[in-house]
Amino acid sequence: MKYSMIFSALSLFSITQVAYALPAKHDGPTDGDILNFLLTLEYMESAFYEGGLAKCSEDDFQHAGLPSWVRPRYEQIAAHEKVHVKFLQGALAKAGIQAVEPCAYNFPYDKPESFIRISSILESVGTSAYVGASALISNKVKLHQRRRLHLGVEARHNAWIHVSAMKQNPWIAPFESSLTPAQALTLAHSFIESCPSSNPEIHVRSFPPLSLSSNAQPGGMTTLAYKPVTEYKGFTYAAFTSGHETIFVQLDQANKNVQVPTSLKGGVFVFITKTNDKVTDDSIIAGPAAAHFVFEESR
């Protein structure tokens, strides 16, 4: 089995570009906060596909060696994301809650290959974000309707991109990774330049961004770059999460180096934590970062 690395486009951004904050003093996100958080992600995905398809023509996809049906499938995904936006806008309107407006985005795509790579990141984050958010919505009847529409479809988008567009395995673990709103928003901030000042406040914090060396691969050493909000003098750990499994590796405090676990493959979320037993919003110092370890099976 051979390994190579496709690292998240998030690592292309300076860590000073992303806004983050310490935990706010409130009772936690309301259903309205969660729906506006999901709407923020859907806006971002919709803008990504609209902009990417406008930049990359059918000829561009063919010159990249992709089958003629790949771009039309992306057009279908783009249409789905617009429907998701309208659905969440309608749900918020029916509840009498002000909906957030779209932000200004910066996606580093210039050709079909980078467009496809970033699409895999966004769909992975979106799927994991819906898994995490579903546990926080108190109205379980409305939860069922929203989960049925979005979670399954986002997962299908993600699987199709990995199989058909990237020629990779669509799954690695028996369970889907879960991201809390704070964790997903940290990843989303890497693509967000600014948001309207008129947007209602979403009671969801985010963490300092994290990046890995571009050549990181299982079994090798990688340097982690991050700037914590406050200095933490205890032991710190790199937490590598795939599905329900998390592997903790103690971080070299002097140079922030860590060995990537040899067993990792496929999509992985990486965190810097204060503890080595469980990743929670209270234990996170920085991250997550999204990484994808490409691998080839022998058959």
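Numbers for residues simply follow the sequence, beginning at 1.
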Do [X] and [Y] have side-chain N/O donor and acceptor atoms under 3.5 Å apart?
{"X": "Asn276", "Y": "Gln250", "value": "no"}
{"X": "Ser119", "Y": "Tyr49", "value": "no"}
{"X": "Thr246", "Y": "Thr241", "value": "yes"}

Q. Is Glu75 salt-bridged to Arg71, cutoff N-O under 4.0 Å?
A. yes
**Q.** SB check Asp282 Arg205 (cutoff 4.0 Å)
**A.** yes
Q | Glu42/Leu88 under side-chain contact (heavy atoms from CB on, under 4.5 Å): CA gap, chis, key distance, verdict | A | CA-CA 9 Å; Glu42 295 291 357; Leu88 288 168; 3.6 Å; yes
Mind checking whether [X] and [Y] have side chains closer than 4.5 Å, heavy atoms only?
{"X": "Glu123", "Y": "His162", "result": "no"}
{"X": "Leu179", "Y": "Leu187", "result": "yes"}
{"X": "Asp33", "Y": "Asp31", "result": "no"}
{"X": "His157", "Y": "Glu45", "result": "no"}
{"X": "Trp160", "Y": "Val70", "result": "yes"}
{"X": "His80", "Y": "Arg156", "result": "no"}
{"X": "Leu224", "Y": "Leu251", "result": "yes"}
{"X": "Pro228", "Y": "Tyr226", "result": "yes"}

Give, for atom [atom1] of [X] and atom [atom2] of [Y], the distance between the pair rounded to the nearest 0.5 Å.
{"X": "Glu113", "Y": "Asp110", "atom1": "CD", "atom2": "CG", "answer": "8.5 Å"}
{"X": "Gln183", "Y": "Ile284", "atom1": "CD", "atom2": "CD1", "answer": "4.0 Å"}
{"X": "Leu212", "Y": "Gln217", "atom1": "CG", "atom2": "CD", "answer": "12.0 Å"}
{"X": "Ser283", "Y": "Lys274", "atom1": "OG", "atom2": "NZ", "answer": "8.0 Å"}
{"X": "Leu185", "Y": "Leu41", "atom1": "CG", "atom2": "CG", "answer": "7.5 Å"}
{"X": "Thr40", "Y": "Ile192", "atom1": "OG1", "atom2": "CD1", "answer": "6.5 Å"}

Q: Give the C-alpha distance, both sets of side-chain angles, the deciding distance and a yes or no for side-chain contact (heavy atoms from CB on, under 4.5 Å) between Cys195 and Val100.
A: CA-CA 9 Å; Cys195 295; Val100 296; over 6 Å; no
If the plane angle is over 60° it's perpendicular, under 30° parallel, otherwise tilted; pick one for [X] and [Y].
{"X": "Tyr105", "Y": "Phe107", "result": "parallel"}
{"X": "Phe61", "Y": "Tyr74", "result": "tilted"}
{"X": "Tyr109", "Y": "Phe115", "result": "tilted"}

Q | For Gly243 against Ser177, the heavy-atom pair lying closest together | A | N-OG, 2.7 Å
Q) Taking all atoms of both residues into account, what is the closest heavy-atom pair of Ser178 and Gly132, and its distance? A) OG-CA, 3.3 Å
Q) What do the steps show when you test His63 against Asp59 for side-chain hydrogen bond (donor to acceptor under 3.5 Å, both in side chains), and what is the final call? A) CA-CA 6 Å; His63 290 159; Asp59 287 342; 5.5 Å; no
Does [X] share a hydrophobic cluster with [Y], counting links as ILVMFWY side-chain heavy atoms below 4.5 Å and allowing steps through other members?
{"X": "Val258", "Y": "Tyr232", "value": "yes"}
{"X": "Phe235", "Y": "Phe271", "value": "yes"}
{"X": "Val260", "Y": "Val249", "value": "yes"}
{"X": "Trp69", "Y": "Ile77", "value": "yes"}
{"X": "Met221", "Y": "Phe248", "value": "no"}

Please check: side-chain N/O of [X] versus main-chain N/O of [Y], any donor-acceptor pairing under 3.5 Å?
{"X": "Ser120", "Y": "Arg117", "result": "yes"}
{"X": "Ser213", "Y": "Ala216", "result": "no"}
{"X": "Ser164", "Y": "Ile161", "result": "no"}
{"X": "Thr186", "Y": "Phe207", "result": "yes"}

Q | side-chain contact (heavy atoms from CB on, under 4.5 Å) assessment of Ile34 paired with Ile202 | A | CA-CA 8 Å; Ile34 298 300; Ile202 301 177; over 6 Å; no
Q: Evaluate the criterion side-chain hydrogen bond (donor to acceptor under 3.5 Å, both in side chains) for residue pair Gln89 and Tyr43; output intermediate values, then yes/no.
A: CA-CA 10 Å; Gln89 287 174 329; Tyr43 277 142; 2.9 Å; yes
Q. Passes side-chain contact (heavy atoms from CB on, under 4.5 Å), Asp60 versus Lys111? Steps please.
A. CA-CA 7 Å; Asp60 292 330; Lys111 53 186 178 180; over 6 Å; no
Q.
More than 12 heavy atoms of other residues, nucleotides or ligands under 6.0 Å from CD of Gln62: yes or no?
A. yes
Q.
Quick check on Glu50: does its CD atom have over 12 non-hydrogen neighbours (other residues, nucleotides or ligands) under 6.0 Å away?
A. no
